[in-house]
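So you know, we letter chains A, B, ... as the sequences are listed, proteins then strands, and number each from 1. Since this is a predicted model, take the numbers as computed values, not measurements.
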Amino acid sequence: MKRAFFDRHADIVARDLIGVDLRFDGVGGLIVEAESYDPEDPASHSYGWRMTERNRTMFGPPGHAYVYRSYGIHWCLNFTCKDVSAVLIRALEPRHGIETMRKRRGTDDIAKLCSGPGRLCQALAVTRAQDGMSLLKPPFAMREAREAAKVRRSVRIGITKAPDALRRFTMAGSEFLSRRV
DNA sequence: CGATAGATCGGCT
DNA sequence: GCCGATCTATCGC
């Protein structure tokens, strides 16, 4: 994956991420669900261009991991994009290191390994330690989709602000989404 | 099944 | 203090 891939708006990047193979330390799978956020968006951490200690990575260069703590318990992985926009990675189709994911997640249910932003971070062992890391080099590895995936667009999950924005992108027919479209 | 309470952190009002 | 880009356990039907 080239840096130019991320040097576009999160809406475009999120769409193109569907079907991409993502690994962290060799563990991962295909991205099947992602959401886009930007400074104009009330649901975004970068809303109003206000930089804080938590969201500072979003204001940095595209192509980096922005990891934040959610509800005091879970970690969520985002990819930084152009103009302080970002893509929240919400679900993977497990492909690599499935046994490792099972151990970390404490379940054998393959549909629950990476189906949700908190779950996939636990499965890949992504934490605050990865915040600010480049996605273009190890331990991250990304490979473009072999063929263009069929992508669906719908409303985002679990937010209260701007609930009607069509900024959730999913792989059509995937069994590994955090929720049905 | 579906609904809901509870865990627990950081940033804001 | 309060709320959230969440997940799990545990209810009740």
Side-chain angles (χ1 to χ4, degrees), chain A residues 6 9-15 17-18 22 24 27 29 31-60 62 64-94 100-133 135 151-171 174-181:
Chain A
F6 298 99
H9 193 276
D11 287 329
I12 310 297
V13 176
R15 182 198 63 200
L17 277 173
I18 302 304
L22 166 69
F24 177 68
V27 177
I31 297 172
V32 296
E33 180 176 348
E35 290 179 355
S36 56
Y37 293 87
D38 72 25
E40 318 292 323
D41 176 5
S44 172
H45 288 174
S46 63
Y47 181 52
W49 298 84
R50 257 218 313 285
M51 186 164 81
T52 66
E53 193 55 40
R54 175 177 65 163
N55 69 15
R56 60 189 301 124
T57 301
M58 266 186 98
F59 287 77
H64 290 250
Y66 165 44
V67 183
Y68 70 91
R69 176 85 91 172
S70 169
Y71 289 87
I73 299 175
H74 310 285
W75 298 103
C76 290
L77 171 64
N78 298 251
F79 295 169
T80 60
C81 300
K82 197 179 184 183
D83 296 333
V84 195
S85 64
V87 177
L88 170 66
I89 309 302
R90 290 191 50 92
L92 302 181
E93 174 179 333
T100 301
M101 295 189 200
R102 283 192 168 126
K103 283 197 196 106
R104 288 173 179 163
R105 293 273 306 117
T107 177
D108 283 344
D109 189 345
I110 193 154
K112 289 185 179 165
L113 291 184
C114 300
S115 298
R119 291 171 175 177
L120 82 86
C121 280
Q122 189 180 19
L124 271 58
V126 167
T127 69
R128 181 118 206 162
Q130 278 63 244
D131 186 44
M133 270 190 172
L135 300 165
V151 178
R152 292 168 83 104
R153 229 182 139 152
S154 53
V155 296
R156 294 175 293 186
I157 306 285
I159 51 158
T160 54
K161 297 160 190 163
D164 297 330
L166 295 175
R167 295 186 120 177
R168 179 183 181 221
F169 300 82
T170 56
M171 183 184 290
S174 173
E175 300 293 312
F176 298 94
L177 305 181
S178 64
R179 259 181 54 183
R180 297 270 173 199
V181 178

| task | Answer with yes or no whether the side chains of H9(A) and D38(A) bring together a donor and an acceptor at under 3.5 Å. | result | yes
| message | For a quick check of understanding: with a heavy-atom distance under 4.0 Å over all strands, which category does R105(A) fall into, base, sugar-phosphate or nothing? | response | sugar-phosphate
| task | Check whether the side chains of S174(A) and E93(A) place a donor and an acceptor atom closer than 3.5 Å, and report yes or no. | result | no
| Check: dA5(C) base within 3.5 Å donor-acceptor of Y71(A) side chain | no
| request: Using the side chain to side chain donor-acceptor pair (under 3.5 Å) rule, collect all pairs that involve residues 105-119 of chain A, keeping only residues at least two apart or in two chains. | output: R105(A)-Q122(A)
| message | Tell me if the aromatic rings of Y68(A) and H45(A) count as close, with their centers under 6.0 Å from one another. | response | yes
| field | First and last nucleotide of DNA chain B, 5' to 3', lying under 4.0 Å from heavy atoms of chain A | value | dA7(B) to dT13(B)
| query | Would you call D41(A) and K161(A) a salt bridge, using N to O less than 4.0 angstrom? | reply | no
| task | For S178(A), answer base if it contacts any base atom (sugar-phosphate contacts may also be present), sugar-phosphate if it contacts only those atoms, and nothing otherwise; contact means non-hydrogen atoms under 4.0 Å. | result | nothing
| request: Check for a donor-acceptor pair, side chain of N78(A) on one end and backbone N or O of E35(A) on the other, with a separation under 3.5 Å. | output: no
| said: Looking at every non-hydrogen atom in both residues, tell me the closest pair between E40(A) and P42(A) and how far apart they are. | reply: O-CD, 3.5 Å
| Close approaches to DNA chain C from residues 108-117 of chain A, in residue order (heavy atom, under 4.0 Å) | G116(A), P117(A)
| request: For nucleotides dG10(B) and dT8(C), find the distance between their C1' atoms and express it as a whole number of Å. | output: 22 Å
| query | Which nucleotide in the list dT6(C), dA5(C), dC7(C) gets nearest to the side chain of S70(A)? | reply | dT6(C)
| R90(A) and S178(A): side-chain donor and acceptor closer than 3.5 Å? | yes
| Heavy-atom closest pair, residues V84(A) and P39(A) | O-CD, 3.5 Å
| task | Look up atom CZ in R153(A) and atom CD1 in I18(A), then write down how far apart they are to the nearest 0.5 Å. | result | 11.5 Å
| note | When D11(A), L17(A), I12(A) are each screened for side-chain contact (heavy atoms from CB on, under 4.5 Å) with R15(A), the one that passes is I12(A)
| Is the closest basic N to carboxylate O distance between D131(A) and R54(A) below 4.0 Å? | no
| Does any residue of residues 73-86 of chain A have a heavy atom under 4.0 Å from DNA chain C, and if so, which ones, in number order? | H74(A), N78(A)
| Neighbours of DNA chain B within residues 35-57 of chain A, by heavy-atom distance under 4.0 Å | R50(A), T52(A), E53(A), R54(A)
| query | Cation over ring, R69(A) on W75(A), under 6.0 Å and within 45°? | reply | yes
| Are more than 12 heavy atoms from other residues, nucleotides or ligands located less than 6.0 Å from atom CZ of R102(A)? | yes
| query | Just to confirm, is there a sub-4.0 Å distance from OP1 or OP2 of dC3(C) to any side-chain nitrogen or oxygen of T160(A)? | reply | no
| Expected output: side-chain R104(A) to main-chain A123(A) donor-acceptor under 3.5 Å | yes
| message | Can you tell me how far apart OG (S46(A)) and OH (Y66(A)) are? Round to the nearest 0.5 Å. | response | 8.5 Å
| request: Can you tell me the distance, in whole Å, between the CZ atom of R156(A) and the P atom of dT6(C)? | output: 11 Å
| Can you tell me if the side-chain N/O atoms of R90(A) get under 4.0 Å from OP1 or OP2 in dT6(C)? | yes
| said: Taking only the P atom of each, what is the distance from dC13(C) to dA5(B) in whole angstrom? | reply: 15 Å
| NA contact type, R119(A), heavy-atom cut-off 4.0 Å: base, sugar-phosphate, or nothing? | sugar-phosphate
| task | Check DNA chain C for consecutive Watson-Crick or G-U pairs with both distances under 3.5 Å and list the runs of at least three as stems. | result | B:1-7 with C:6-12, B:9-12 with C:1-4
